[in-house]
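Have a look at the structure below before the remarks.
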There are 4 protein chains.
Amino acid sequence: MLDATAALIEEVPYARLTVEAIAARAGVGKQTIYRWWPSRGAVVFDALLERSGGGDAALPDTGDLRADLSSFLRASAREMTAPSTDAFLRAVTVEILQDEAVALQYRQRLLTPQRAAVRQRLATAYDAGLLRDDVDLDVLVECLVGPVAGRWLLGSGALDDAYADAVVDVALRGAIR
Amino acid sequence: MLDATAALIEEVPYARLTVEAIAARAGVGKQTIYRWWPSRGAVVFDALLERSGGGDAALPDTGDLRADLSSFLRASAREMTAPSTDAFLRAVTVEILQDEAVALQYRQRLLTPQRAAVRQRLATAYDAGLLRDDVDLDVLVECLVGPVAGRWLLGSGALDDAYADAVVDVALRGAIR
Amino acid sequence: MLDATAALIEEVPYARLTVEAIAARAGVGKQTIYRWWPSRGAVVFDALLERSGGGDAALPDTGDLRADLSSFLRASAREMTAPSTDAFLRAVTVEILQDEAVALQYRQRLLTPQRAAVRQRLATAYDAGLLRDDVDLDVLVECLVGPVAGRWLLGSGALDDAYADAVVDVALRGAIR
Amino acid sequence: MLDATAALIEEVPYARLTVEAIAARAGVGKQTIYRWWPSRGAVVFDALLERSGGGDAALPDTGDLRADLSSFLRASAREMTAPSTDAFLRAVTVEILQDEAVALQYRQRLLTPQRAAVRQRLATAYDAGLLRDDVDLDVLVECLVGPVAGRWLLGSGALDDAYADAVVDVALRGAIR
DNA sequence: ACTTAAACGAGACGGTACGTCCTGTCTTAAT
DNA sequence: ATTAAGACAGGACGTACCGTCTCGTTTAAGT
C-alpha cells in the first residue's frame with residue numbers, strides 16, 4: 001500500500017491522488033486503507049517515512065566544519081530537486097499545512113532527528129571552542145536549513161552547490177569566534 | 001467575491017473551502033467565478049493580493065541596519081502568527097505547491113517586491129561600506145527571511161521577537177565587514 | 001432513466017439492481033437520480049407507472065357478466081406470467097413490503113383504479129338486479145383478484161385460463177341472486 | 001442464532017437486517033452462519049419455521065362448516081396484523097419474491113400443510129354432501145385464503161372479523177350445494 | 001424611450017471521489 | 001477440531017463538489 005502510494009505520488013499531481021486510486025493500485029479494498037490510516041495525509045506521511053528509511057545518520061565529521069556543512073547542504077539541495085523527492089515533499093508539505101496531526105508527526109519523526117544530526121556536528125565544533133559562546137545552536141541550524149527550504153518551497157532561485165555554500169558562508173561567518 | 005473568499009479562508013479548513021461555498025457566500029453564481037478565475041487557487045491568490053494591499057513599502061532606514069532588520073523581521077513574525085494571516089498563508093502555500101501558475105504569480109507579485117524592499121535596505125548599507133565586499137545580497141535576504149518562514153511552515157519553535165533578533169544576529173554578523 | 005430502470009429490472013435479479021447501474025445505463029449521474037427520487041423503490045415504482053400507462057380502461061360490458069370477468073381475469077393471469085411483467089411486479093412488491101410510501105402510492109395510483117374498473121362492471125350487474133342485495137362489491141372484487149394474486153405470489157399452482165374461470169365460478173356463484 | 005434473527009426482524013426494517021447484525025446479536029462468528037445457511041433468506045425462513053412451530057394442527061370440526069372456516073380466517077387475519085407476525089411475514093415474502101429456493105421451501109414446509117388443513121375440513125363437508133359436486137377444493141381454499149392474503153399484502157382494507165366473514169360468505173355460498 | 005446583448009443568479013447536469021457499510025471468504029487465537 | 005473474532009477484496013451506498021451547461025433576469029449602451 002505504501003509502495004502504491006509512493007508510485008502514484010510521482011505519477012499524478014497530488015490534488016488528483018485519491019484513496020481509491022491507491023487502493024486500486026495496491027490491489028486492496030478502500031476499507032483496508034481506512035482501517036489503518038485516518039486520512040490520505042497519514043498514508044502519504046507513512047510512505048515518506050518508509051522511503052526516508054528512518055535512517056537519520058549523523059553528519060560526518062572530517063574535522064573541517066565548513067566542508068561538512070557544505071557537503072550536507074549540497075546533498076540536501078540536490079535531493080530536494082530530484083523530481084521524485086520533490087513530489088513527495090510537496091505532498092507531505094501540503095498535508096502539514098492542513099493537518100496538525102501530520103505536522104506533529106513530521107516534526108517528531110523526521111524534522112527533529114534530521115536537525116539533531118546537524119546540531120550534533122555544530123555542538124562538536126562548539127565544544128572545540130570554534131564557535132562564539134553566545135551562539136544558539138538551534139537558531140544556527142535553522143539559519144543553514146531555512147534558506148534552502150525557502151528556495152525549494154518558493155522556487156525563488158537555483159538550488160545548486162553555489163547557493164548551498166553561500167548559505168554556509170553567511171551562517172558560519174556569523175557563528176565563528 | 002474576494003471578500004467572501006477571505007472570510008471563508010478564516011472560517012473553514014482550507015480543504016473544505018469550495019468554489020460553491022464562495023459563490024453562495026458572495027451571493028453569486030458559480031459560473032461568474034469561473035468566468036474570472038481559472039481555479040480556486042487563483043481566486044485565493046487574488047484575495048491575498050487584495051488583502052496585502054499590494055503596498056510593498058520599503059523598509060524604513062533609521063541609519064541603524066540591525067534595528068531596521070530586527071523591526072522588520074519582528075513585524076513579519078508577528079504578522080505570520082496572527083490567525084487570519086496564518087490561514088491565508090497556508091491556503092496560498094498549498095496552492096503554490098500544487099500549481100506552478102500560482103507559484104509564478106506569487107513570486108512576481110508578492111515575493112519579489114517584498115524581498116526587493118529588504119534588499120534595498122541592505123544595498124544602502126552595502127554602499128555605505130558596512131558590509132563585506134563579497135556578500136551576495138540576495139543570499140543575505142534569504143538568510144534573514146528563510147529561517148522565519150521555516151519556523152512558520154513547520155512550527156518548529158516560537159516565532160517571537162527573540163527568534164527574529166537571533167536570526168538577524170547570525171545573518172548580519174556573517175555579512176558585516 | 002425510467003427506461004433504463006425497466007430494462008435492468010428484466011435483466012438482473014432485483015437484489016442486484018443498483019442505483020449506480022441505472023445511472024450508468026441511463027448515461028446520467030447518480031445525483032440526478034437522487035435529485036428526483038428519494039429511493040430506488042420510488043424509481044422502480046415510477047418505471048412501473050410509466051409502463052402501465054396509467055391507462056386503467058374500464059372492463060368491457062358485453063352484457064354477459066361471467067364472460068366479462070373471465071376474460072379480465074384470464075388476461076390478468078396471462079399478463080402476470082409474462083417474464084417481464086413478473087419481474088416488474090416482484091420488484092414493486094418487494095418495495096411495497098418494505099416502504100409504506102411506495103405501498104401508499106401503489107394503492108392510490110394503480111390498485112384503486114384497477115379495482116374500481118372491476119367494481120364498476122359489478123355495479124352495473126348489481127343495478128340490473130343480477131346480484132344478491134347483501135353482497136359487498138369490494139369484497140367481491142377481492143374474492144376475484146385475491147386468489148389470482150396469491151397464486152402469482154406463491155407459485156402455488158398454474159395461473160391459466162382454467163384457474164381464472166374456476167375463481168370466477170366460485171365468486172360469482174356466491175354473489176348471484 | 002434463529003432467536004437473534006427473530007428479534008432483529010421485529011426491531012429493524014428488513015432492508016437493514018444484515019448477517020453481520022445477526023452474528024453480533026447471537027454472539028457468533030459470521031462464518032458460523034454461512035456454514036449452516038446459504039443466504040440471509042434461508043436463515044430468516046428457518047427462523048419463521050421455528051416460530052411457527054411446525055404445528056400444522058388440523059382445523060377443528062364442530063360440524064358447522066361456516067363457523068369453522070370463519071374462526072380459522074378470523075384467527076389468520078388477527079395473526080397477520082400482529083406487528084411481530086407482520087414483520088416476519090414481510091421478511092419471508094421479500095425472500096420468496098427474490099429467491100426461488102426459499103419460495104419452494106415455503107410452499108413445501110408451510111403453505112402446503114396449512115392449506116391441507118383447510119382442505120381437509122372442506123373435504124369432510126364435501127364427503128357429507130354439503131358441497132356441490134363440481135367444486136374444486138383447492139380453488140376453494142385459495143378463494144378463502146387469497147383475499148385475506150391480498151389485503152395483508154397491499155393494505156387495501158381492514159383485516160378484521162367482518163372481512164373474514166364476508167370472504168367466507170362469498171366463497172361458501174359459491175360452493176354449497 | 002427602446003432595443004439588444006453582455007453579464008448575471010440560479011441551479012440542473014454528467015462525473016469523480018468521498019468515507020461508510022456490508023458481503024462472502026479467509027486467517028488467527030483460544031478452547 | 002471447532003469456534004469467535006475480525007481482516008480482507010470487492011462493491012454499492014448516499015453525499016459533496018467539480019466544471020459545464022442552460023435558463024430567465026437585470027443592467028447598460030447604442031440607437
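Source: prediction; values computed, not measured. A, B, ... follow the sequence lines: proteins, then strands. Residue 1 opens every chain.
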Can you confirm if the NZ or CZ of B:Arg40 lies within 45° of the ring axis of B:Phe45 and under 6.0 Å from the centre of its six-membered ring? no
Of A:Val19 and D:Ser39, the one whose nearest nucleotide on DNA chain E sits closer to the 5' end is A:Val19
In whole angstrom, what separates B:Ile22's CD1 from E:dG9's C1'? 17 Å
What is the distance, to the nearest angstrom, from the CZ atom on C:Arg16 to the P atom on F:dC13? 13 Å
D:Trp152 and its side chain to side chain donor-acceptor pair (under 3.5 Å) partner, picked from D:Asp86, D:Thr93, D:Thr81: D:Asp86
Judged by nearest nucleotide, the residue sitting upstream toward the 5' end of DNA chain F, B:Ala21 or D:Gly29, is D:Gly29
Between E:dT20 (P) and A:Ile33 (CD1): distance, integer Å: 13 Å
Side chain to side chain contact (heavy atoms under 4.5 Å, CB included) between B:Leu49 and B:Arg109, intermediate numbers included: CA-CA 8 Å; B:Leu49 258 193; B:Arg109 312 277 292 276; 3.1 Å; yes
Using atom types as modelled and distance alone, determine if a side-chain donor or acceptor of C:Thr32 lies under 3.5 Å from a backbone N or O of C:Val28. no
Heteroatom pairs (N/O) under 3.5 angstrom, protein to nucleotides 25-31 of chain E:
unit_1: E:dC26; atom_1: N4; unit_2: D:Gln31; atom_2: NE2; d: 2.3

Assert: residue with more 5' nearest nucleotide on DNA chain E, out of A:Glu20 and D:Leu17, is A:Glu20
When rounded to whole Å, the CZ to P distance for the pair B:Arg40 and F:dA16 reads 18 Å
Kindly say if D:Trp36 contacts the phosphate of F:dT2, meaning a side-chain N or O under 4.0 Å from OP1 or OP2. no
Thinking salt bridges, do A:Arg25 and A:Glu11 make one under a 4.0 Å N-O criterion? yes
How many Å lie between CE on D:Met1 and P on F:dA4, as a whole number? 8 Å
According to a strict under-4.0 Å criterion, is B:Thr32 in side-chain N/O contact with OP1 or OP2 of E:dG9? yes
Inspect the contact between D:Arg90 and D:Glu95 and indicate whether a charged nitrogen and a carboxylate oxygen are less than 4.0 angstrom apart. no
Under 4.0 Å between a side-chain N or O of D:Arg35 and OP1 or OP2 of F:dT3? yes
Do D:Tyr34 and D:Val19 pass the side chain to side chain contact (heavy atoms under 4.5 Å, CB included) test, and can you show the C-alpha distance, the side-chain angles, and the key distance before you say yes or no? CA-CA 9 Å; D:Tyr34 283 111; D:Val19 173; 3.8 Å; yes
Axis deviation across the helix from E:dA1-F:dT31 to E:dT31-F:dA1, five-pair ends, to the nearest 10°: 20°
Mark yes or no for whether C:Thr85, through its side chain, and C:Met80, through its backbone, hold a donor-acceptor pair below 3.5 Å. no
Give, for atom CZ of C:Arg107 and atom CG of D:Leu154, the distance between the pair rounded to the nearest 0.5 Å. 8.0 Å
